[in-house]
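One structure is given below, encoded as structure tokens.
Ligands are counted one by one from 1 in listed order, and the atoms in each one are counted from 1 as well. The residues of the chain are indexed from 1 along the displayed sequence.
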Amino acid sequence: MCGIVGYIGCKPAVPVLLEGLKKLEYRGYDSSGIAILEEGGIRITKSVGKLAVLQEKLAKRTFSSTIGIGHTRWATHGRPSDINAHPHMDCHGDFAVVHNGIIENYLELKEWLMAEGHCFRSETDTEVLAHLVEHFYKGDLEEAVRKTLAKVVGSYATVILSYKHPDMLVAARKDSPMIVGIGENEYYIASDIPAVLNHTRNTYILEDEEMVTVTAQSVKFCDFQGKRRDKIIFEVTWDPIAAEKGGYEHFMLKEIFEQPKALKDTLAGRLTADKVILQEVDLTPAEVAAFNKVAIVACGTAYHAGLIGRGLIEHWAKIPVEVDIASEFRYRSPLIDEKTLVIVISQSGETADTLAALRESKKKGARVVAITNVVGSSVAREAHDVIHTWAGPEIAVASTKAYTTQIEAIVLLALYLTQAKQTMSQEWITEIISELKMIPDKAEEVLKQAGRVQELAKYFEHVENAFFIGRGLDWAVAQEGSLKLKEISYIHAEAYAAGELKHGTLALITEGTPVIALATQRDLYDKTLSNVKEVKARDARVIGFTFEGNHGFDKSVDEVFYLPLTANELSPILTVIPLQLLAYYVSAARGNDVDKPRNLAKSVTVE
Ligand code: M6R
């Protein structure tokens, strides 16, 4: 996730662009840059680091240009660096481009453009856009952009500035947000409303596959075929703080709702109809066959994603898996060597315990694959191979979209290992890939039931204890659901393997004790149902989560919540969403600081 801005009008552009970028820094902050038009050409200033570094660079001069574009970056393709920071230009410096999103076929396009004689400077996917516009330009900028977009597969919000058209900006969007702010004899373009709120409350919201051309006096919208579109003005009534959270009350809620997009982005370019492609992992089938063990190491929520990984890798790729909490791992002298594949999982990529586990594993000769959300983080730099989750910055301390995308990354890795070992049939792989592709839309369906979860949450406002139970992968999700509730609502919650209750914990179940029972694993359903009956017989208040169509479960529980049907192994991605919502609504109703719970930090960089 990155932030982009554009300005054309009568004010000096640089302060307007910097102010807009400041408001979008929550979307990414590893580097930033701007491009303005000056006599003689496009002038680009960019820098790795926070926006303040760019501001300092620009403070040395005043600029009179009244047109420009800007970008604040959350690295995806290419580590954070001056060269990889946006804007990017074509070979001759006639076009400058800023972009938010992922160009999935950029390698193919880059190869083709290089064969045509284009010279690339950065490692980014974005730079292909500038060269494509240069390639297609025959005097009409809009036409060149249209032809460019026809070649591109992926998601984007992009703005193009051209030295050949000093009085216009052309922008387009597909699957990444973009708005146009309307001033007097001026227009603003931005990824999000907060960037323009100091100047105007009148905006246009671009739809998918829509292009816009602005001059200081005019605005024109078209579809990707060049057909004109009329749009209505959207007047923003939110205050600036609410606007930063996209109108949501808290970042956590916004991030929960961002999951369909994050899930879609994490799969982008990594699946064909019958195969997983992980360009970032460089293992030959012979190397995969040589692993006699997988060790997954992580902390907190990332550890819970690792528990799901154990189920999948053992079941599909038939390799024994151990899962460890990173702070325990290195002090138990783990038996790992060059025949071990170590998978470290970390949203931030900076968690001290996880990093120490990674280093320990390398020292013992293991191959280390990292799953992380932050390009250029310590974990990403030090692992042998890295699978990035494309969740975008996660700001709330309670991890939500990072967790579901971590599960997706593990699914992809488990399938990659399975393909290499040929432990499952091609027919089965094709089937699971087709289920996986449907997960983002199914997550959207689950979110439609948020109001129902908010109702359920009312019961928890005044309870002191809660239990989460489930079997198999449901038990792993139960652990994450219980952590979510604890960390933000401060209710004591515990997760138990449903079959284990009778060995002690059942003594704690009394009348009205809330029990969240997860029963999404069809092969374990009957067993879980017996355990649900055990707690129900002790008068617990049971809220059940099960798969759609499993009518009958409602007779055994007090409330039932149905989840869209999917493969057993993929259901954790959907099951956790109502549990995240439950924790959120309980915490908000209790008046807690949802995004910054007491005693906790987003990234734990100390042991
Ligand atoms: O950045 P990491 O994924 O390495 O962080 C690990 C844990 O600190 C983190 O998942 C923590 O448990 C979450 N804040 C819980 O929501």
Are Glu322 and Lys293 ion-paired here, with the side-chain N under 4.0 Å from a carboxylate O?
yes
Do any nitrogen or oxygen atoms of Ser399 lie less than 3.5 angstrom from nitrogen or oxygen atoms of ligand 1?
yes
For residues 401-414, the salt bridge (charged side-chain N to carboxylate O under 4.0 Å, His left out) pairs (sequence neighbours left out) are Glu258-Lys401
For the 3.5 Å polar cut-off, considering only N or O atoms, please tell me whether Val397 and ligand 1 meet it.
yes
Within the distance-only criterion (no hydrogens, no angle test), does the side chain of Lys23 pair as donor or acceptor with the backbone N or O of Pro194 below 3.5 angstrom?
no
re atom 1 (O) of ligand 1, the protein heavy-atom contact at minimum distance is Ser348 OG, 2.7 Å
Closest approach of Val321 to Glu314 (non-hydrogen atoms, all atoms of both residues):
N-OE2, 2.7 Å
So, using ring pair (Phe, Tyr, Trp, His ring centres under 6.0 Å) as the criterion, who are the partners of Tyr584 when residues are at least two apart?
His250
Identify the protein heavy atom lying closest to atom 10 (O) of ligand 1, giving its residue, its atom name and the separation to 0.1 Å.
Thr301 N, 3.1 Å
Using a strict 4.0 Å threshold on nitrogen-to-oxygen distance, state whether Arg332 and Asp324 make a salt bridge.
yes
Among all protein heavy atoms in this structure, tell me which lies nearest to atom 16 (O) of ligand 1, with the distance rounded to 0.1 Å.
Glu487 OE2, 2.4 Å
I need the nearest protein heavy-atom contact for atom 2 (P) of ligand 1: residue, atom name and distance, please.
Thr351 OG1, 3.3 Å
Shortest non-hydrogen contact between Ile319 and Asn292, atoms and distance
CG2-C, 4.1 Å
Atoms in ligand 1 flagged as close to Ser346, the criterion being non-hydrogen separation under 4.0 Å
1 (O), 2 (P), 3 (O), 4 (O)
Closest protein heavy atom (residue, atom, distance) for atom 8 (O) of ligand 1:
Val604 CG2, 4.2 Å
Show your reasoning for whether side-chain contact (heavy atoms from CB on, under 4.5 Å) applies to Phe547 and Arg522.
CA-CA 8 Å; Phe547 47 91; Arg522 273 157 288 176; 3.2 Å; yes
Counting only nitrogen or oxygen atoms and a 3.5 angstrom limit, does Thr354 reach ligand 1?
no
Between Arg452 and Glu559, is there a salt bridge with N-O shorter than 4.0 Å?
yes
So the atoms of ligand 1 within less than 4.0 Å of a heavy atom of Ala302 turn out to be 3 (O), 10 (O)
Contact check, Glu350 vs ligand 1, heavy-atom distance below 4.0 Å:
no
Please report which non-hydrogen protein atom sits nearest to atom 3 (O) of ligand 1, along with the residue it belongs to and the distance in Å to one decimal place.
Gln347 N, 2.6 Å
Considering only heavy atoms of Lys484, which atoms of ligand 1 have at least one such atom less than 4.0 Å away?
15 (C), 16 (O)
Do the ring planes of His86 and His71 sit parallel (below 30°), tilted (30 to 60°) or perpendicular (above 60°)?
parallel
Nearest protein heavy atom with distance in Å, relative to atom 7 (C) of ligand 1
Cys299 O, 3.7 Å
Taking 4.0 angstrom as the limit and counting only heavy atoms of Ala398, give me the atoms of ligand 1 inside it, by number and element.
16 (O)
